[in-house]
Amino acid sequence: MGTDNAPENMSSMLLNVPISPVKTLSLGTLPNANKSASTIVSPTDSVYAASTIVSPTDSFYVEFRCGDPRNPINYSWVRKWCITLFVCAFNGITSPATPSFAMGYDSMIQDLSCTRFQATVAYSLYSLGFGIVPLFTSALSEEIGRRPIYLVSVFLGATCNVLAAFSDNIQTVMVARVLGGAFASTGAILVGGTIADIWGPEERSLPMAVFSMVSMVTTGLGSIISAWLELNPHLQWRWIQRIQAIVQGTYFLLSLIIMEETRSQIILRRIAKKLCKETGDDRYRVRGEETRPKLSAMIKMSCTRPIMFVLTEPIVTSICIWVFFMSGVLYVQIGSVSGVFKHIYHFNVGQSGLVFITVVVGSILGLLANFYQDVLYRKCVSRRGPEARLYIACLVALLLPTSIFIYAWTADSRIFWMWPVVGLSIFMFCSFVSYQVVFIYLADCYGPMASSALAGQGLARNMGSFGFPLFSHIMFKKLTYKWANTIFGGVAVLLIPVPFILFLYGPSLRKRSKMCSQLMQHEEKTEQLEFPESQLN
């Protein structure tokens with residue numbers, strides 16, 4: 001590029017870089033270089049905390065410099081945790097939607113003159129929307145960023161709760177539920193992405209554990225509160241929905257003030273647009289803009305690739321089977337708590353709601369187990385690779401059927417009510433740990449392609465949550481709680497080998513996997529470039 005094409009006040013020198021056809025602006029020749037580590041300078045000599053690379057086609061590629069404070073990965077520790085807790089709160093206000101809805105069954109059935117099966121369908125439809133819609137919407141964050149999706153999702157989610165609260169028939173409630181699940185999912189799936197935006201790979205374990213714990217704890221607390229609302233004849237199911245709408249509306253207003261964009265590509269794109277506007281030069285852009293696929297192509301990929309992973313990747317397939325069953329049974333147990341403790345132990349609705357303290361207890365135990373799992377991972381990762389994440393999963397595989405059998409065989413009027421509570425607590429511990437382990441293990445196995453693998457297991461998880469409650473009430477009616485749960489426990493026994501097989505044979509499965517083998521070859525080439533043989537010798 002000749003000096004005639006350069007911006008007027010930019011005194012810069014182009015340096016040929018032998019290893020790349022790209023030319024770079026010299027930092028030492030830029031105005032105010034002694035005042036800032038920046039390498040972008042506009043014609044007005046304003047300094048930006050990013051770097052710009054000039055291509056042979058005269059495009060200025062805007063990139064973050066090393067240590068740039070505007071790069072989300074470089075945010076302060078306090079700022080990172082403020083962002084993490086705030087986005088986790090989004091999941092915290094949407095997670096109670098399913099168990100709290102179940103607490104209002106009796107008053108809703110009476111008020112809307114519907115059947116219990118219709119109420120169960122409305123209960124399950126939330127998971128259907130939660131599972132399917134992200135396949136179409138997850139690509140939007142690549143195009144418009146994370147903050148707009150959070151804002152739209154929480155606003156429309158609150159609107160769906162208002163719609164449900166003022167419904168005159170069960171069909172309207174069903175529509176509100178499936179839409180509510182859809183909007184809750186588009187925000188909740190971004191929490192993991194936001195955590196990845198601001199935390200390095202070695203730092204993400206604790207934030208993800210907090211994310212999981214917030215989801216589980218609020219599920220328990222929301223159920224307890226909803227149970228006592230149901231007990232009050234002046235509140236009941238409609239006020240359960242109204243209070244959720246109020247909470248989500250408050251979160252929306254706070255989000256307008258507090259929430260910030262964390263996707264680095266979107267931030268860089270804004271910097272580039274600002275430079276173009278200030279300089280009148282439209283050559284400032286973010287690397288990859290020219291080759292970025294169209295939104296329609298991205299949506300098509302986000303819909304098809306997760307399903308391809310589920311069908312063709314043995315690791316993802318086996319995990320999907322495991323979490324499909326576990327999530328389905330989780331929703332069945334949540335829906336059965338009120339019936340078990342009402343009919344067998346003669347608890348009222350409020351007392352049955354207190355049983356959901358088991359969710360809180362299980363989450364706390366799961367968080368402590370996560371710390372121990374991290375110790376094992378750091379100790380064994382050099383020897384076992386990603387499979388070092390699965391030690392605690394193997395324990396969960398053994399405890400899962402144990403917890404179901406305890407709940408099934410101790411839910412008897414002749415046995416103290418605390419025993420089924422113990423079984424539920426162990427089950428909630430298993431649910432918490434499995435969610436955490438699956439997320440991190442798939443991320444380790446598939447690296448840049450982990451989002452598709454995680455979307456696949458998320459789809460399986462939500463399909464289990466949707467499907468199991470639709471037939472479980474028939475099982476409970478025909479077989480009783482004891483024998484229906486015994487069947488679930490038997491299936492859990494059959495699934496015990498899943499984490500053990502992954503732990504023992506995971507490396508060989510990854511070598512045979514097309515996706516994982518490509519990723520491992522890429523990592524080997526990267527290591528060879530960083531540490532050539534001459535340096536190693």
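Just so it is clear, the model here is predicted, and its values are computed rather than measured. Counting begins at 1 with the first residue of the sequence. As a basis for the values below, the full set of heavy atoms in this structure was taken, side chains included, without hydrogen atoms, waters or symmetry mates.
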List the steps and the verdict of side-chain hydrogen bond (donor to acceptor under 3.5 Å, both in side chains) for Gln265 and Arg269. CA-CA 6 Å; Gln265 284 293 100; Arg269 200 179 301 166; over 6 Å; no

Could you grab the distance from atom [atom1] of [X] to atom [atom2] of [Y], nearest 0.5 Å is fine?
X: Asn462; Y: Gln457; atom1: CG; atom2: CD; answer: 9.0 Å
X: Leu368; Y: Gln373; atom1: CG; atom2: CD; answer: 13.5 Å
X: Leu398; Y: Ser403; atom1: CG; atom2: OG; answer: 11.5 Å
X: Ile319; Y: Met326; atom1: CD1; atom2: CE; answer: 11.0 Å
X: Ile240; Y: Leu235; atom1: CD1; atom2: CG; answer: 9.0 Å
X: Met213; Y: Gln436; atom1: CE; atom2: CD; answer: 12.0 Å

[X] [atom1]: over 12 foreign heavy atoms closer than 6.0 Å:
X: Trp81; atom1: CH2; result: yes
X: Glu203; atom1: CD; result: yes
X: Met301; atom1: CE; result: no

Check for a donor-acceptor pair, side chain of [X] on one end and backbone N or O of [Y] on the other, with a separation under 3.5 Å.
X: Tyr251; Y: Phe86; result: yes
X: Arg238; Y: Ser167; result: yes
X: Lys80; Y: Ile73; result: yes
X: Arg147; Y: Met259; result: yes
X: Ser215; Y: Phe211; result: no
X: Glu261; Y: Arg146; result: yes
X: Ser113; Y: Ile109; result: no
X: Ser100; Y: Gly222; result: no
X: Thr218; Y: Gly92; result: yes
X: Ser153; Y: Tyr150; result: no

Assess [X] against [Y]: is NZ or CZ under 6.0 Å from the centre of the six-membered ring, and within 45 degrees of the ring's axis?
X: Arg242; Y: Phe166; answer: yes
X: Arg79; Y: Tyr75; answer: yes
X: Arg389; Y: Tyr377; answer: yes

Centroid separation under 6.0 Å, is that true for the rings of [Y] and [X]?
X: Phe432; Y: Tyr435; result: no
X: Tyr331; Y: Phe468; result: no
X: Phe183; Y: Phe130; result: no

Residue pair [X] / [Y]: nearest heavy atoms and the distance that separates them:
X: Ala176; Y: Leu163; answer: CB-CD2, 3.8 Å
X: Gly353; Y: Ile224; answer: O-CG1, 3.1 Å
X: Ser318; Y: Leu502; answer: OG-CD2, 3.6 Å
X: Tyr126; Y: Ala184; answer: OH-CB, 3.2 Å
X: Leu400; Y: Phe325; answer: CD2-CE2, 4.3 Å

Step-by-step side-chain hydrogen bond (donor to acceptor under 3.5 Å, both in side chains) determination, Gln351 to Tyr345: CA-CA 10 Å; Gln351 292 169 329; Tyr345 294 104; over 6 Å; no

Show your reasoning for whether side-chain hydrogen bond (donor to acceptor under 3.5 Å, both in side chains) applies to Ser465 and Ser327. CA-CA 6 Å; Ser465 304; Ser327 186; 2.5 Å; yes

With sequence neighbours excluded, what pairs up with Asn348 under the side chain to side chain donor-acceptor pair (under 3.5 Å) test? none

Pairing donors with acceptors under 3.5 angstrom, does anything connect the side chains of Thr84 and Trp199? yes

Distance-only polar pair, side chains of Glu313 and Tyr446, donor-acceptor under 3.5 Å: yes

Check Phe488, Phe405, Trp409, Phe476 against Trp483 for a ring-ring contact (aromatic ring centres under 6.0 Å, His included) and give me the one that passes. Trp409

Asn169/Thr172 under side-chain hydrogen bond (donor to acceptor under 3.5 Å, both in side chains): CA gap, chis, key distance, verdict: CA-CA 6 Å; Asn169 54 69; Thr172 306; 2.8 Å; yes

Charged N to carboxylate O under 4.0 angstrom, Lys342 versus Asp106? yes

Going through the distances and angles, do Tyr391 and Tyr372 end up as a ring-ring contact (aromatic ring centres under 6.0 Å, His included)? CA-CA 10 Å; Tyr391 286 101; Tyr372 183 62; 8.9 Å; no

Please verify the inter-ring angle class for Phe117 with His473; under 30° counts as parallel, over 60° as perpendicular, anything in between as tilted. tilted

